[in-house]
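One structure is given below, encoded as structure tokens.
In what follows, chains are A, B, ... by sequence order, proteins preceding strands, each numbered from 1.
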Number of protein chains: 4
Amino acid sequence: MAGINKVILVGNLGKDPEVRHLEGGVSVASFTLATNDHYKDKQGNRVERTEWHNITAWRGLAEMAEKYLKKGQQVYIEGKIRTRQYQDKDNQTRYITEIVADEISMLGGRPQGDGPTAQDQVQVQMSAEETPQTFRQEPELNQLPF
Amino acid sequence: MAGINKVILVGNLGKDPEVRHLEGGVSVASFTLATNDHYKDKQGNRVERTEWHNITAWRGLAEMAEKYLKKGQQVYIEGKIRTRQYQDKDNQTRYITEIVADEISMLGGRPQGDGPTAQDQVQVQMSAEETPQTFRQEPELNQLPF
Amino acid sequence: MAGINKVILVGNLGKDPEVRHLEGGVSVASFTLATNDHYKDKQGNRVERTEWHNITAWRGLAEMAEKYLKKGQQVYIEGKIRTRQYQDKDNQTRYITEIVADEISMLGGRPQGDGPTAQDQVQVQMSAEETPQTFRQEPELNQLPF
Amino acid sequence: MAGINKVILVGNLGKDPEVRHLEGGVSVASFTLATNDHYKDKQGNRVERTEWHNITAWRGLAEMAEKYLKKGQQVYIEGKIRTRQYQDKDNQTRYITEIVADEISMLGGRPQGDGPTAQDQVQVQMSAEETPQTFRQEPELNQLPF
DNA sequence: TTTT
DNA sequence: TTTT
């Protein structure tokens with residue numbers, strides 16, 4: 001019985017979080033996260049590899065993501081793996097695997113990319129100073145709301 | 001930069017591991033792992049949910065999986081998330097997400113199901129006594145061999 | 001700033017949990033957990049090593065530990081490291097490091113040892129069937145109550 | 001059997017690593033790491049709490065620590081808990097709990113504090129750019145060398 | 001003081 | 001397709 005399904009990621013946001021507000025006041029944020037890895041191939045060359053993860057955050061965590069997370073930013077994410085099934089346009093069953101976040105923590109990196117201006121930066125820095133920088137989901141509140 | 005991509009699972013094998021031997025003597029084991037979860041819905045009812053993970057183990061770990069792991073067995077797995085791209089029969093790009101195991105540890109549960117007979121059980125128990133029950137992949141050896 | 005302090009253990013209880021009830025109705029359970037490890041020494045001999053951890057569980061988790069956990073049982077524990085300072089009998093400052101549990105999950109192993117009788121076993125099994133077998137602490141409720 | 005003893009930390013170095021070179025060419029680095037946490041007390045006030053961890057890194061990881069890690073720097077560390085016993089000056093048995101690192105990854109933060117000068121900083125930045133920024137210990141090589 |  |  002007793003199962004464990006835990007994911008720990010440290011990586012950079014591929015884009016600003018996108019937040020949807022569902023009926024009933026529930027919010028969901030989604031964004032991609034890149035984790036960079038490297039290994040030596042048979043010739044001893046260093047090969048870079050980027051893995052892209054689909055991150056989903058619910059309710060309070062979604063609002064925090066919307067407020068504080070930006071494209072390029074480095075974050076620590078703890079969550080669980082969830083594979084959803086859906087029908088594509090040709091009515092074929094497809095699967096998508098996502099990480100449902102339970103905890104998000106902003107790391108030392110500064111946001112980057114074309115999104116936020118320097119002005120925004122300051123804004124983010126100031127807000128972040130006034131608030132906790134680790135956000136945690138209440139257990140069992142990251143379930144689908146239906 | 002410095003990325004972390006780590007998965008920790010405790011669950012039960014959905015089937016016996018399937019092992020392929022690639023050219024160059026490299027072996028790959030694959031099996032599914034169920035992690036069971038439960039939560040309370042809005043009516044307060046207990047809802048069970050099973051997440052199925054595709055596990056891949058390379059080289060030494062593959063051989064260990066082949067030797068010691070059976071359908072139904074409870075294991076601890078540590079690894080990383082990897083999403084592969086492939087073309088389906090209609091030449092459409094599809095994605096499959098797998099967990100590449102770095103460490104597999106057999107937990108207290110006894111194997112079950114139609115596979116192993118009582119005789120096999122004893123066999124497994126005996127072998128297990130003579131060997132470590134946690135198997136670890138050498139770092140960077142679980143890369144695709146091509 | 002944003003810190004992470006996370007421990008993941010799979011091991012066996014060295015004794016039955018001991019539960020204290022503090023003023024204000026707060027309960028604290030404590031027990032030791034053995035994690036067994038092995039490595040090869042320079043001569044290639046297999047060396048066993050047992051690490052003993054001091055586990056502390058608060059409130060709801062303490063009550064679950066009291067009810068369901070027994071000496072010898074195999075459990076998964078997630079928590080954080082906490083080092084406390086105290087004065088010993090000679091008024092010297094000493095330190096003790098504990099793991100404060102956030103989640104405890106019972107694994108496949110059956111309890112053992114002189115403690116529980118077969119009767120107790122059945123009792124535990126039955127109760128366990130009626131309840132979730134993973135117990136989680138609400139975030140931030142595992143703080144010292146003073 | 002099969003035990004798991006895993007620690008994951010994200011925090012800041014309390015001082016530059018101190019490296020000792022043992023007979024046989026084995027090196028050991030040690031430093032402290034602060035993980036910052038916060039919680040709300042009964043009055044709803046935000047309380048900061050810093051946990052200090054004793055980190056030990058062996059061999060290759062020790063050399064990496066010596067080269068690249070500085071006081072104040074933010075790092076991700078994965079390792080295991082190890083409690084050592086020793087006799088203090090009054091011949092009393094005492095215990096010290098350490099984290100033996102298996103993997104250290106430098107995060108986005110810039111070093112800080114009175115230690116390194118701006119000059120050193122550049123040095124560190126440049127070197128870091130030319131090398132992998134995640135360092136991993138070969139399994140079982142972080143054992144005590146005696 | 002646990003477990004295999 | 002697992003497990004309790």
Side-chain angles (χ1 to χ4, degrees), chain A residues 1-5 83, chain B residues 9-18 30-38 46 48-55 68-77 105-116 121-122 124-135, chain C residues 9-18 30-38 46 48-55 68-77 105-116 121-122 124-135, chain D residues 1-5 83:
Chain A
M1 239 213 129
I4 301 297
N5 172 357
T83 297
Chain B
L9 304 173
V10 173
N12 301 84
L13 277 83
K15 55 174 189 177
D16 289 358
E18 218 162 81
S30 55
F31 56 90
T32 52
L33 191 83
T35 56
N36 300 292
D37 203 8
H38 49 83
R46 189 163 188 261
E48 298 279 349
R49 195 182 189 288
T50 296
E51 191 70 40
W52 285 98
H53 309 269
N54 300 305
I55 311 293
Y68 298 115
L69 301 188
K70 292 278 171 216
K71 176 181 175 177
Q73 202 170 350
Q74 191 183 35
V75 293
Y76 168 96
I77 293 183
S105 187
M106 298 189 277
L107 300 177
R110 307 268 142 357
Q112 200 232 38
D114 57 318
Q121 281 313 89
V122 174
V124 169
Q125 289 305 110
M126 285 179 53
S127 319
E129 262 171 355
E130 297 159 21
T131 57
Q133 287 175 309
T134 303
F135 305 110
Chain C
L9 304 173
V10 173
N12 302 85
L13 277 83
K15 56 174 187 177
D16 289 358
E18 220 162 79
S30 56
F31 56 91
T32 52
L33 190 82
T35 56
N36 299 292
D37 203 8
H38 50 85
R46 189 162 186 262
E48 298 278 350
R49 194 180 190 290
T50 296
E51 192 69 41
W52 285 98
H53 309 269
N54 301 305
I55 311 293
Y68 298 115
L69 302 187
K70 291 279 169 216
K71 175 180 175 177
Q73 202 169 351
Q74 191 183 35
V75 292
Y76 168 98
I77 293 183
S105 187
M106 298 189 277
L107 299 177
R110 308 266 141 1
Q112 201 233 39
D114 56 318
Q121 281 313 90
V122 174
V124 169
Q125 290 303 111
M126 283 178 55
S127 318
E129 263 171 356
E130 298 159 22
T131 57
Q133 287 176 309
T134 303
F135 306 109
Chain D
M1 238 214 129
I4 302 296
N5 172 357
T83 298

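When rounded to the nearest whole Å, the span between CG of C:N12 and C1' of E:dT2 equals 5 Å. B:E51 has its CD atom 17 Å from the P atom of F:dT1, to the nearest Å. One interatomic measurement links the two molecules: CG of B:L13 to P of F:dT1, which rounds to 16 Å at whole-angstrom precision. Per the geometry, CG belonging to B:D37 stands 15 Å off C1' belonging to F:dT2, to the nearest Å. We find that CD of B:E48 is positioned 14 Å from P of F:dT3, with the value rounded to whole Å. For C:L33 and E:dT3, the CG to P distance is 12 Å, given to the nearest whole Å. Look at CD on B:Q74: it is 21 Å from P on F:dT1, rounded to the nearest Å. When rounded to the nearest whole Å, the span between CG of B:L107 and C1' of F:dT3 equals 12 Å.
Residue side chain B:N36 reaches the base of F:dT2 through a donor-acceptor N/O pair under 3.5 Å, judged by distance alone.
The nucleotide whose nearest atom lies closest to any side-chain atom of B:W52 is, among F:dT3, F:dT1, E:dT2, F:dT1. The side chain of C:K15 sits closest to E:dT1 out of E:dT2, E:dT1, F:dT2. Of the listed nucleotides (E:dT2, F:dT2, E:dT1), F:dT2 has the atom at the smallest distance from the side chain of B:T50.
Residues B:T50 and B:D37 have side chains not in contact (no heavy-atom distance under 4.5 Å, counting atoms from C-beta outward).
A:N5 is linked by a side chain to side chain contact (heavy atoms under 4.5 Å, CB included) to A:K80, A:I81, B:L9, B:T35, B:E51, B:H53, counting only residues two or more places apart in sequence or in another chain. Every side chain to side chain contact (heavy atoms under 4.5 Å, CB included) that C:S105 has, sequence neighbours left out, goes to A:A2, A:I4, C:Y76, C:T134.
Checked by atom type and distance alone, the side chain of C:D16 pairs as donor or acceptor with a backbone atom of C:K71 at under 3.5 Å.
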